[in-house]
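Just follow the structure's listing: the first ligand is 1, and inside any ligand the first atom is 1.
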Amino acid sequence: MSERRKFIKQSLLGSAFLIPGISSASTQDKNKTPPLIGEMPLILSTWNHGLPANVAAMAKLDTGGSILDAVEAGVRDTELDLENLSVGLQGLPDREGITTLDASIMTGDGNCGSVAFVRQIKHPISLARRVMENTPHVMLAGEGARQFAIAEGFPLEEEVLSPKAAIEYAKWKETSQYKPIINIENHDTIGMIGIDANGNMAGSCTTSGLAYKMHGRVGDSPIIGAGLFVDNEVGAATATGLGETIIKICGSFLIVELMRQGRTPQEACEEAVRRLISKNKNIDDIQAGFLAINKEGLTGAFAVHPGFNFAKATVKENVLIDSNSHFKP
Ligand code: ASP
């Protein structure tokens with residue numbers, strides 16, 4: 001099943017339909033397909049919610065926005081998605097019942113901003129962009145990030161769990177046990193990377209982090225080089241999954257540096273997964289997945305376990321692809 005690729009084509013106007021059996025993903029099998037220059041502009045984002053997020057990102061490009069505007073607009077869509085329990089204020093809370101958010105944004109010229117452990121902000125990705133553009137810093141955390149948001153005119157949202165999150169939290173409190181589950185319900189940060197028609201890149205990453213984490217825990221998503229890294233000279237990468245394991249290998253930076261040394265995006269993602277696995281004795285309960293684009297517009301995706309999918313958008317189509325994984329089921 002891990003090699004089955006499921007393609008859902010979604011017109012950029014929003015209607016979704018299934019195209020079974022189309023083969024693609026030349027980037028997934030470099031031995032069979034000669035390298036092609038990828039189509040640009042191109043947007044990749046993690047998980048199912050990448051499909052509508054890609055639509056929002058491409059719409060922004062279409063109306064004259066920059067690639068930075070596009071990756072911000074794309075994940076803002078996910079930050080508002082009430083069905084999503086891992087991104088935005090409707091995300092599952094920490095063990096104290098408080099939802100705290102992490103986000104980062106980066107451009108291909110090396111500029112970046114992030115916020116961590118922030119509360120009551122509906123769009124942490126936009127706050128991360130303000131940190132990048134309006135402060136001399138890269139990262140603001142916790143109460144300081146919240147105060148900066150107020151100074152920048154961001155409204156503070158009421159601190160209540162969404163109805164869905166409240167039900168899940170009440171269930172969790174019956175045992176109060178935290179055990180990461182390696183599936184889509186537990187890990188669905190959105191990471192988005194994109195390249196425009198001129199080869200400029202940008203990326204964004206936003207999450208409520210792991211459900212029922214310790215209060216104060218920060219994952220990989222706001223850590224530049226872990227959850228996200230972008231360099232116009234080489235390419236871009238983003239990550240999802242158990243943040244601690246991604247931070248420990250500087251996952252996204254590692255992938256960009258491997259591409260700098262000549263690896264394809266696919267080879268670089270696979271090597272990052274190998275590295276992650278080599279550093280963790282028991283990977284049964286650890287899921288992590290990576291996405292990458294190089295400056296030619298070629299793509300790569302790989303994960304520790306099956307079940308990691310991503311959305312890939314060009315001007316022609318927006319498709320959902322199951323990535324390969326290190327361990328076949
Ligand atoms: N990477 C995120 C974190 O560790 C979790 C996720 O991908 O869902 O906070």
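The N/O atoms of Leu242, backbone and side chain alike, include none that comes under 3.5 Å of an N/O atom in ligand 1. At least one N or O atom of Gly241 sits closer than 3.5 Å to an N or O atom of ligand 1.
For the ligand labelled ligand 1, residue Ser86 lies outside the 4.0 Å heavy-atom shell. Contact annotation: Arg217 has at least one heavy atom less than 4.0 Å from an atom of ligand 1.
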Open item on the list: Would Thr207 and Thr189 count as a side chain to side chain donor-acceptor pair (under 3.5 Å) here? Give the steps.
Closed with: CA-CA 5 Å; Thr207 189; Thr189 291; 2.8 Å; yes

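A side-chain hydrogen bond (donor to acceptor under 3.5 Å, both in side chains) with Trp47 is found for exactly one of Asn309, Asp188, Thr240, namely Thr240. Between Glu244 and the options Lys213, Arg217, Lys279, a salt bridge (Lys or Arg N to Asp or Glu O under 4.0 Å) holds for only Arg217.
Heavy-atom contacts of Thr240 reach the following atoms of ligand 1: 6 (C), 7 (O) (cutoff under 4.0 Å). Short contacts between ligand 1 and Asp220, defined as distances under 4.0 Å to a heavy atom of the residue, involve ligand atoms 1 (N), 2 (C), 3 (C), 4 (O). Contact atoms of ligand 1 toward Gly209: 9 (O) (distance under 4.0 Å to a heavy atom of the residue).
Qualifying side-chain hydrogen bond (donor to acceptor under 3.5 Å, both in side chains) partners for Ser126, counting only residues two or more places apart in sequence or in other chains: Glu72, Arg76.
Neither the backbone nor the side chain of Gln287 comes within 4.0 Å of ligand 1, counting heavy atoms alone. Counting heavy atoms under 4.0 Å from ligand 1, residue Asp102 does not touch it at all.
Under the 4.5 Å side-chain contact rule for hydrophobic residues, Met259 and Met40 share a cluster. Linking Ile, Leu, Val, Met, Phe, Trp and Tyr whenever their side-chain heavy atoms come within less than 4.5 Å leaves Val115 and Met132 in two separate clusters.
Taking the six-membered ring for Trp and thresholds of 30 and 60 degrees, Phe308 and Phe310 have ring planes inclined between 30 and 60 degrees apart.
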